[in-house]
Amino acid sequence: MNQTATKHLTLFDLLGRAWPCAAPAGPPRFSADGAAVAFGCADGTVTVVPIEDPEPPETRIRVSGDVGQTTIRPRSRPAPPPAVSAALHQDVPPIVAGDESGFLVGAGDGSVLTLGPDGAVRGTRARIGTPVVALDHARAASLTAIAGGDAVRLCQGAGALSDPLADDGEGEVVAIRLSPAGRHLAIARAESLSIVALDGSGRAPMVFGLLSRPLSLAWRDDGAWLACTLEAGGFLMVDHAGGRSGTVTGFPMATRDAAWSIPAASIVASGAYRVAAWSMATPPLDGDMTGALVSGRAGLVAVESIAAHPARPLVAAGYANGQILLVQIGGRDEVLIRPEGGAVTALGWSDDGHHLAAAGADGMVSITTFPERMFK
């Protein structure tokens, strides 16, 4: 007699929602109001998915009255389809959260578009003469930084564009990042990293050489430290407040992500066979590794992407084999969220830490929503 094996449900099956995109997706961007997540895709489109869950985990949790056992029932219906924009770029369009419910998107024709949560273009914020290759926005200052070709310009609100910034860097622009308060701008070029003061002080840019091509930039929340990840593995970290810098090397793979954990007072990075982490009480400058924090367990598959939880000493880690784990910073505890799938190329937390968005090399994007009781 033939029997059908019962599928073992994973945490991702119970807590996650997933959508296929027509092309691999870039990093997730949560809207300022926390209502939607946007993913730029390699075919030039933008996929927008809602945060609101028609079947939130809290409504599916049951605690038995006799033994107090907690269970959660599976979803009864699939997630609603995402909103998908028209093709706006020849590659993955750069996306940032706007001031309100929508997003700012860099287009291939040089325009910076405002995109609604329904995927529709609502207007044009600015326009430059070349395709937009990088974009950032500081809501605190209503300031947008726009990179195209080898030039970076600023736009205050919906006002006029500034002249190209003088950053004394070398090579084409790869990534830009405004400090949270919008007082400084980091510009990563093919061969250098520059930090430009935007506070009217007139200070000359700080310029640092890079050991390999940069991949991403991350400011700490207070703007005192900056990390620039590197294609050859490792990252440059800059003590912006103290004027120190150093490159952390020895990673076996490209380091896509570095992130600052405020709850754990640490920096974490991808590109190794476990989550790499250091205490900022003794930052890893000048070869000093005394602050290294053993986090999670070492494996045979590299960590492709990471995202530090905004309120807890946890980091989400995505792997080349599709696994997604929650890892305790400075501890060996791990929780397996997703056991397999396409390589996890980008992760991001919502500001409240309840939702984890993920993008995969196979074009799948997802949101995992965690009930509060999971973290108690």
Side-chain angles (χ1 to χ4, degrees), residues 7-18 27-28 57 61 69-72 218 229 233 235 248 250-280 284 289 291-350 352-361 364 366-376:
K7 179 185 176 183
H8 175 68
L9 293 177
T10 68
L11 271 178
F12 186 75
D13 292 325
L14 296 171
L15 304 179
R17 292 168 285 157
I61 291 175
Q69 182 180 12
T70 300
T71 58
I72 180 170
T229 65
F235 57 94
V248 182
F251 286 70
M253 310 290 288
T255 300
R256 291 177 180 271
D257 300 319
W260 304 93
S261 172
I262 302 304
S266 64
I267 183 171
V268 294
S270 65
Y273 292 103
R274 72 187 325 151
V275 172
W278 291 268
S279 169
M280 288 304 293
M289 295 290 115
L293 301 172
V294 175
S295 302
R297 302 180 181 91
L300 301 176
V301 181
V303 178
E304 288 277 320
S305 55
I306 54 94
H309 193 281
R312 300 180 184 275
L314 300 172
V315 60
Y319 290 77
N321 63 358
Q323 285 188 341
I324 299 176
L325 299 177
L326 286 187
V327 176
Q328 179 186 358
I329 299 174
R332 296 186 181 275
D333 290 347
E334 297 178 339
V335 176
L336 178 62
I337 303 301
R338 193 179 81 174
E340 60 186 2
V344 184
T345 54
L347 293 165
W349 288 99
S350 60
D352 61 10
H354 288 166
H355 310 280
L356 176 67
M364 293 296 295
S366 66
I367 300 175
T368 303
T369 298
F370 296 96
E372 185 64 32
R373 69 183 65 201
M374 264 201 71
F375 296 121
K376 290 182 178 179

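- With values rounded to the nearest 0.5 angstrom, L356 atom CG is found 11.0 Å from L314 atom CG.
- Atoms OG and CG, on S295 and L325 in that order, are 12.5 Å from each other to the nearest 0.5 Å.
- At least one donor-acceptor pair closer than 3.5 Å links the side chain of S350 to the backbone N or O of H355.
- Within the 4.5 Å cutoff, the side chain of T229 has no heavy atoms near those of the D257 side chain.
- The backbone N or O of S270 lies less than 3.5 Å from no partner atom in the side chain of E304, so there is not a single donor-acceptor pair.
- G271 and P252 get closest at one heavy-atom pair: O-CD, 3.2 Å.
- Looking only at side-chain heavy atoms (C-beta outward), P57 and I72 come within less than 4.5 Å of each other.
- Atom CZ of R297 is separated from atom CG of D333 by 7.0 Å, given to the nearest 0.5 angstrom.
- Taking the six-membered ring for Trp and the full ring otherwise, F235 and W260 have centroids separated by 6.0 Å or more.
- The two residues V327 and G296 have their closest heavy-atom pair at CG1-N, 3.4 Å.
- Taking the side chain as every heavy atom from C-beta outward, I337 and T368 approach each other to under 4.5 Å.
- Closest non-hydrogen pair, L347 versus A358, comes out as CD2-CB, 3.5 Å.
- Taking all atoms of both residues into account, the shortest heavy-atom contact from A357 to P28 is CB-CB, 3.6 Å.
- For the pair R274 and V303, the minimum side-chain heavy-atom distance is 4.5 Å or more.
- With a 6.0 Å radius and a threshold of 12 heavy atoms from other residues, nucleotides or ligands, M364 has its CE atom above the threshold.
- Remark: W349 pairs with H309, F370 by the ring-ring contact (aromatic ring centres under 6.0 Å, His included) rule, at least two apart or across chains.
- With rounding to the nearest 0.5 Å, the separation of NE2 in H354 from OG1 in T369 is 10.0 Å.
- The CD atom of E334 lies 10.0 Å from the CG atom of L326; values are rounded to the nearest 0.5 Å.
- Contact of the L15 side chain with the P371 side chain is registered, since non-hydrogen atoms from C-beta on lie closer than 4.5 Å.
- Between Q323 and V344 the shortest heavy-atom distance is O-CG2, 3.8 Å.
- If you take CZ on R17 and CD1 on I367, they are separated by 4.5 Å, rounding to the nearest 0.5 Å.
- Sorted by first and then second residue, the side chain to side chain donor-acceptor pair (under 3.5 Å) pairs involving residues 337-347 (not counting sequence neighbours) form an empty list.
- With contacts defined as side-chain heavy-atom distances shorter than 4.5 Å, the pair L293/W278 does not qualify.
- Listed by first and then second residue, the salt bridge (charged side-chain N to carboxylate O under 4.0 Å, His left out) pairs involving residues 316-329 amount to none (not counting sequence neighbours).
- Scanning all heavy atoms of the two residues, the minimum distance from P263 to A311 falls at CG-C, 3.4 Å.
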Report the C-alpha distance between L11 and V335 in whole Å, list the side-chain angles of each, state the deciding distance to 0.1 Å, and finish with yes or no for side-chain contact (heavy atoms from CB on, under 4.5 Å). CA-CA 9 Å; L11 271 178; V335 176; 3.7 Å; yes
